[in-house]
Amino acid sequence: MVARVIPVECFDLVVFGATGDLARRKILPGLFRRWKEGQIPEGSAIVGAARSSFTRDDFRTLVQEALTEFLPETELDPAVVASFLDLLDYVTIDARGTAGWEDLAAKMRPDVVRAFYFSVAPALFGDLAQRLHERGIAHRQSRIVVEKPFGNDLTSARALNQILAEFFKEDQIYRIDHYLGKETVQNLMAVRFANILFEPLWNSQFVDHVQITVAETVGVGGRGEYYDKSGAMRDMVQNHMMQLLCLIAMEPPHCFEPDAMRDEKLKVIRALDPVTPAEIVRGQYKGKGGDDYLTECGDPASRTESFIALKLHVSNWRWKGTPFYLRTGKRLKSRASEIAVSFKEPPHSIFGESNQWRENVLVIRLQPDEGMDLRVMIKEPGPGGMRLKDVALDMSFAEALGSDLDIPDAYERLIMDVIRGNQTLFMRGDEVEAAWAWVDPVIAAWEKHGDQPEPYEPGSTGPEGALMLMHKDGRRWREIR
Ligand code: NAP
């Protein structure tokens, strides 16, 4: 099966921070892939902007090198690369300066979609928004895309929302959380809301618990100093994991429209109980040499967590009594992200004691090998009597939909949604603020007590305390494979 490609409208897209890591690794290769697939119409223009004083040709060379570095050679047909490079232009601009803006304004065309991607440090978002507005470069139909982190706490997120709101309306602001652009995450919505099968069981009467895991093998590496100011709670839980939790726990929206979806997600965040210290485990990887968090972050007294596990409660009729366990960390055993919905035991077993029951689990795999599997009990084949066995009804998207299927990277899909003007997979300002309002007191509590994260071995599944968090409830984490 080949993915259907519906071209977007012709556009002018300005990428601020076009020489940076994110632009080189994700945004520009993503745009190239959409061009290659025919989704970007002829006549569209991509304008890079940064302080580096590049000519258009310098920028094209930089992009060509980025494509070679980050995409497989098989994707780089020279004629297609050359035609993509033709779409590119560049202006030298300092977000806080006065030069270059007229040059940029002159490149903007009427009658095409106009979008500005802020792939720069968040401290510059306000400067860019102000200049684009005051110099008339952005108009009422223009869109801005802002990267994470969106604030460091509620106060800074509010301040950022306020400054953007001075120059842009909420329907022009696209706050990216690239987890929402993942194919499986959207499939989660399809599975829940396009089938009758699961929804009747999707509540605390039938769901024992939910586990959400985002495990990384990499450490903080060269980003140690930066990471140390945030930690796993701010870097992963407040945004990505909170979004996944919302999609699992939300009520069915009345339609698949941006605000209908976002209203329901917001209700989930607002229904979260505060977590108690006994429901949180924080960890730091502690290895030898460079494999040690404290060495990598450069502060031997750091109390920042590179791992966190939490038990959450969503206080509403649907979920009262069903815990949600979240864990995420760096330098873990493998790179794996999944959501697992574990169902309760049948009320009565007719198969006797010798048949050990195993829970039905719906697993939604985000990476690697995006897909889903449903673990069900079946009869073990053969003449050995009625013996039961649990098996996975496995659906790897790549296998099920054919090896030709080209699953776009999250950034590719999200940028195309910006051009289409569809905000469904972007966070609204009040959602981000609600998430910080829940996170802030949790962080304040551990900071007040001077809690020290528990050490864990690099390459393990995290600290002992995380295992205990579930063991004391008579449950266990799914293995990180
Ligand atoms: P980066 O590698 O440091 O790149 C920053 C970019 O901003 C460069 O192009 C830089 O070019 C430009 N820049 C810096 N100061 C500027 C100014 N005053 N005016 C105009 N341009 C300026 O950062 P990055 O990793 O690409 O990250 C960009 C944004 O994406 C950040 O908000 C980051 O938090 C977010 N993000 C990044 C990643 C990632 O994987 N890298 C992932 C998620 C979110 P010049 O020096 O030439 O001006």
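One-based numbering along the sequence shown. Order of appearance sets the numbers: ligands from 1, and atoms from 1 within every ligand.
Remark: ligand 1 atoms within the under-4.0 Å shell around heavy atoms of P149 are 34 (O). Atoms of ligand 1 found under 4.0 Å from any heavy atom of P122, numbered from 1 in the order shown, are 32 (O). Numbered from 1 in the order shown, with element, the atoms of ligand 1 that lie under 4.0 Å from a heavy atom of G20 read 2 (O), 4 (O), 8 (C), 9 (O), 26 (O). For ligand 1, the atoms closer than 4.0 angstrom to any heavy atom of D94 are 17 (C), 18 (N), 19 (N).
Considering only heavy atoms from C-beta on, Y117 comes within 4.5 Å of E147 through its side chain. The closest side-chain heavy-atom distance from Y174 to I176 is not below 4.5 Å.
In this structure, atom 3 (O) of ligand 1 has no protein heavy-atom contact shorter than 4.0 Å.
Nearest protein heavy-atom contact of atom 44 (C) of ligand 1 is E147 OE1, 3.1 Å. Summary of contacts: the protein heavy atom closest to atom 41 (N) of ligand 1 is D21 OD2, 2.7 Å. Of the protein's non-hydrogen atoms, S52 OG, 2.4 Å is the one closest to atom 47 (O) of ligand 1. Looking from atom 35 (C) of ligand 1 to the surrounding protein, the closest heavy atom is K148 O, 3.3 Å. Of the protein's non-hydrogen atoms, T19 OG1, 3.5 Å is the one closest to atom 8 (C) of ligand 1. The protein heavy-atom contact nearest to atom 19 (N) of ligand 1 is A95 N, 2.8 Å. The protein heavy atom nearest to atom 38 (C) of ligand 1 is L22 CD1, 3.7 Å. When hydrogens are left out, the protein atom nearest atom 6 (C) of ligand 1 is G17 CA, 3.5 Å; that is the closest non-hydrogen contact.
Residue R51 touches ligand 1 through backbone and side chain together, judged by heavy-atom distances below 4.0 Å. Residue contacts with ligand 1, taken as heavy atom pairs separated by less than 4.0 Å, involve I93 solely via the backbone atoms N, CA, C and O.
Ligand 1 has no N or O atom lying under 3.5 Å from any N or O atom of L124, backbone or side chain. For Y411, no nitrogen or oxygen atom sits less than 3.5 Å from a nitrogen or oxygen atom of ligand 1, counting backbone and side chain alike.
Salt bridge E431/R175: absent, no basic N to carboxylate O contact under 4.0 Å. Of the charged side-chain nitrogens involved, at least one lies within less than 4.0 Å of a carboxylate oxygen, so that K26 and D409 count as a salt-bridged pair. A salt bridge between E264 and K267 is present, with a side-chain N of the basic residue lying under 4.0 Å from a carboxylate O of the acidic one.
No hydrogens or angles considered: nothing links the side chains of S230 and D235 as a donor-acceptor pair under 3.5 Å.
Of the possible polar contacts, one joining the T328 side chain to the V214 backbone as a donor-acceptor pair under 3.5 Å is found. Without hydrogens or angle criteria, Y227 side chain to A232 main chain gives a donor-acceptor distance under 3.5 Å. Between the side chain of T217 and the backbone N or O of S334 there is no donor-acceptor pair closer than 3.5 Å. Remark: the backbone N or O of R234 is paired with a side-chain donor or acceptor of N239 at under 3.5 angstrom.
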Handout entry: Evaluation steps, ring pair (Phe, Tyr, Trp, His ring centres under 6.0 Å), between F59 and F54
Key = CA-CA 6 Å; F59 183 57; F54 281 3; 7.2 Å; no
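Heavy-atom distances between R25 and ligand 1 reach below 4.0 Å in at least one pair.
In this structure, of I176, N239, V120, the residue bringing a heavy atom nearest to atom 32 (O) of ligand 1 is V120.
Between F118 and F125, the angle of the ring planes lies from 30° to 60°, which puts this pair in the tilted group.
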